[in-house]
Each structure stands twice: as C-alpha cells, then as structure tokens.
Amino acid sequence: MNTHINHINRVSRIRRVRRTAAALAAVAVLPLALAACSNSGGDSTKSDSAPEASAPAAEDTSAGSGDSAAMDQPFGPGCASVPANGAGSFDGMAKDPVATAASNNPALSTLVTAVKKAGLVDTLNSAQDITVFAPTDDAFAKLPKATLDKVLNDKAQLTKILTYHVVGQKLAPADLENGSFDTLETSKLTTSGSGESYTVGDSAKVVCGDVRTANANVYIVDTVLMPTA
C-alpha cells in the first residue's frame with residue numbers, strides 16, 4: 001500500500017517538474033520571439049521610410065538658364081520673316097561675317113546689292129566688333145525710285161549713306177536706350193527706346209534687333225538712314 005502511494009507521489013512530482021520546465025522554456029523563448037518580431041517590423045518601417053527621408057529635392061536650375069538664353073534672342077516683329085533654318089536663319093547668320101550673312105537673308109537683298117555696288121563687302125566682312133543698322137527691302141522701297149536709282153549709281157554717295165549705318169563697336173539693346181554713336185561715315189547717330197522698342201535717328205524703327213553675325217550685331221530697321229551733311 002505504501003509502495004503504491006509512493007509511486008503515485010513520484011509520478012505526480014515528475015509531472016509537476018515537466019510542467020514547470022515547459023513553462024520556463026516558454027517564458028525564455030517569448031522575449032526572443034518578441035525581439036525578432038520587433039526587429040522585423042522596425043526594419044520594414046525603416047526600409048519603407050528611408051527613401052523618402054534620404055532623397056533630396058531636385059534643384060531646379062532651368063529657369064535661370066532659360067532667362068539667360070531668352071535675353072540673347074533676337075526680338076521684334078520683323079524677326080518672324082527670318083528663315084527658321086539654313087544660312088539665312090539666325091543660327092546660320094551667326095556663323096558668317098556680316099555682309100555674307102546679310103546676303104543670305106531674303107529681306108535684305110536691296111541692301112546687299114547696294115553694299116556690292118559700293119565695294120564694301122570686304123570692308124564689312126573684315127571689320128571686327130561692329131554694329132550694322134540694316135534697312136529692309138521695304139525701307140529702300142520708301143525712297144522714290146528715281147532717288148534710289150540715282151544713289152545706287154553714285155558710288156561716293158552710296159558709300160556715304162551705307163557707312164552711316166555702321167558703328168565701330170558692338171551695341172547691346174541696352175546701349176540703344178539713349179545713345180549717341182560715331183558712325184564709319186564720321187557723323188553722329190542717335191538712338192532711343194527701351195525693352196524691345198527702339199528708334200534709330202529721327203524715325204527708323206528697329207523691326208528685328210540683336211541679330212548676331214560672326215563679327216557684328218545687326219539691328220534691322222524699317223527706314224534708310226540719311227547722314228545730315
């Protein structure tokens with residue numbers, strides 16, 4: 001009888017020890033499991049949010065360069081008639097000296113004829129850093145035909161008129177706001193205006209300004225300029 005009771009007590013103790021051991025094992029494993037979950041969740045959050053925190057905002061520099069480029073562009077209503085491509089375009093004219101560049105612009109054919117008759121092609125092409133106020137074909141058409149024909153056949157007078165359209169320095173639009181310049185003809189030429197509206201002499205209007213050639217800045221005007229003396 002006592003032996004049987006002792007056996008039962010021994011089995012009970014073994015079962016209690018096993019339950020205690022299992023409980024302790026569970027307690028020991030739980031923090032590790034929680035830590036693993038915590039690390040996994042933290043890594044996931046960090047991975048998701050890190051790109052947003054580390055990616056810097058892109059710096060937009062296009063506005064400044066665009067403004068700078070725009071300031072160098074030819075301006076005025078007459079610019080619309082300049083070819084978009086080829087030797088007579090703005091890009092094409094920028095590669096050639098001024099007389100050659102003008103010969104490729106269809107709006108300046110009468111001026112080119114006059115320059116050739118006066119023998120000024122080489123003079124203008126070889127000059128450095130000049131400004132040319134270039135009358136359009138319509139500007140020459142304002143002159144009475146008899147007057148134009150007479151001038152075109154009088155080399156001395158033609159040379160005097162054409163060199164009055166040339167200043168011995170490159171002029172930017174801002175220089176024309178209230179300017180007075182010595183021309184190659186030796187007389188003074190005045191300019192006035194602002195923004196994209198300029199007058200040369202008494203009444204000639206700039207219809208396409210700040211056109212670049214290899215050796216000159218060109219301002220295309222709607223009236224032929226006449227020296228005062």
Margin query: Looking at Asn153, I want to see if its CG is surrounded by more than 12 non-hydrogen atoms of other residues, nucleotides or ligands under 6.0 Å.
Written below: yes
Check: Do Leu225 and Tyr198 share a hydrophobic cluster, counting only Ile, Leu, Val, Met, Phe, Trp and Tyr and linking them when any side-chain heavy atoms are less than 4.5 Å apart?
Finding: yes
Next item on the list: Starting at OG1 of Thr183, measure out to CZ of Phe133 and round the result to the nearest 0.5 Å.
Entry: 10.0 Å
Next item on the list: Check salt bridge (Lys or Arg N to Asp or Glu O under 4.0 Å) between Asp91 and all other residues, then give those that pass, not counting sequence neighbours.
Entry: none
Next item on the list: State whether the side chain of Asp149 and the backbone N or O of Ala146 hold a donor-acceptor pair below 3.5 Å, judged by distance alone.
Entry: no
Checklist line | Nearest-0.5 Å distance that lies between atom NZ in Lys142 and atom OG1 in Thr147 | finding: 15.0 Å
Check: Is Lys150 atom NZ crowded by more than 12 heavy atoms from other residues, nucleotides or ligands, each under 6.0 Å away?
Finding: no
Next item on the list: Measure the CG-OG1 distance between Asn125 and Thr100 for me, rounded to the nearest 0.5 Å.
Entry: 4.0 Å
Check: Out of curiosity, Thr110 OG1 to Leu148 CG, how far, rounded to the nearest 0.5 Å?
Finding: 7.0 Å
Next item on the list: Please test Leu189 against His165 for side chain to side chain contact (heavy atoms under 4.5 Å, CB included), starting from the C-alpha separation and ending with a verdict.
Entry: CA-CA 8 Å; Leu189 182 63; His165 290 73; over 6 Å; no
Margin query: Hydrophobic cluster membership, with links at side-chain heavy-atom distances under 4.5 Å among I/L/V/M/F/W/Y: are Leu158 and Val115 in one?
Written below: yes
Margin query: side chain to side chain contact (heavy atoms under 4.5 Å, CB included), that's the test. Do Val206 and Val200 meet it? Break it down for me.
Written below: CA-CA 7 Å; Val206 173; Val200 183; 3.9 Å; yes
Notebook entry, point to check: For the side chain of Thr131 and the backbone of Gln169, is there at least one donor-acceptor N/O pair under 3.5 Å apart?
Noted result: yes
Note to self: Is there a side-chain contact between Asn105 and Val82 in this structure, where contact means two heavy atoms from C-beta onward sitting under 4.5 Å apart?
What the structure shows: yes
Notebook entry, point to check: Can you name the nearest heavy-atom pair linking Val121 to Ala99, along with the distance?
Noted result: O-CB, 3.9 Å
Next item on the list: Using the side-chain contact (heavy atoms from CB on, under 4.5 Å) rule, pick out the option among Leu176, Val167, Leu171 that qualifies with Thr191.
Entry: Leu176
Checklist line | No-hydrogen, no-angle side-chain donor-acceptor test under 3.5 Å, Lys205 and Thr199 | finding: yes
Item checked: Spacing of NZ belonging to Lys95 relative to OG1 belonging to Thr213, to within rounding of 0.5 Å -> 13.5 Å
Next item on the list: Taking all heavy atoms of Ser180 and all of Lys188, pick out the closest pair and write down the distance.
Entry: OG-CD, 3.6 Å
Next item on the list: Identify the heavy atoms of Asn215 and Leu124 that sit nearest to each other, and give their distance.
Entry: ND2-O, 2.9 Å
Note to self: With side chain to side chain contact (heavy atoms under 4.5 Å, CB included) as the criterion, how do Ser109 and Phe140 come out once you've worked through the C-alpha distance, each side chain's angles and the decisive distance to 0.1 Å?
What the structure shows: CA-CA 10 Å; Ser109 60; Phe140 280 101; over 6 Å; no
Next item on the list: Give the minimum heavy-atom separation between Val221 and Ala139, together with the two atoms involved.
Entry: O-CB, 4.0 Å
Notebook entry, point to check: Does one hydrophobic cluster hold both Ile220 and Phe75, with members joined at side-chain heavy-atom distances below 4.5 Å?
Noted result: no
Item checked: Between CG on residue Leu120 and OG1 on residue Thr163, distance to nearest 0.5 Å -> 7.0 Å
Note to self: When you group the ILVMFWY residues by side-chain heavy-atom contacts below 4.5 Å and let the links chain together, are Leu143 and Val207 in the same group?
What the structure shows: yes
Item checked: Val218 to Ala134 - nearest heavy-atom pair and separation -> CG1-CB, 3.9 Å
Next item on the list: Can you see which heavy atom on Pro74 is nearest to which on Val211, and at what distance?
Entry: CB-CG2, 4.2 Å
Next item on the list: Check the hydrophobic clustering (I, L, V, M, F, W, Y; side-chain heavy atoms under 4.5 Å; chains of links allowed) and say if Tyr219 and Leu162 are grouped together.
Entry: no
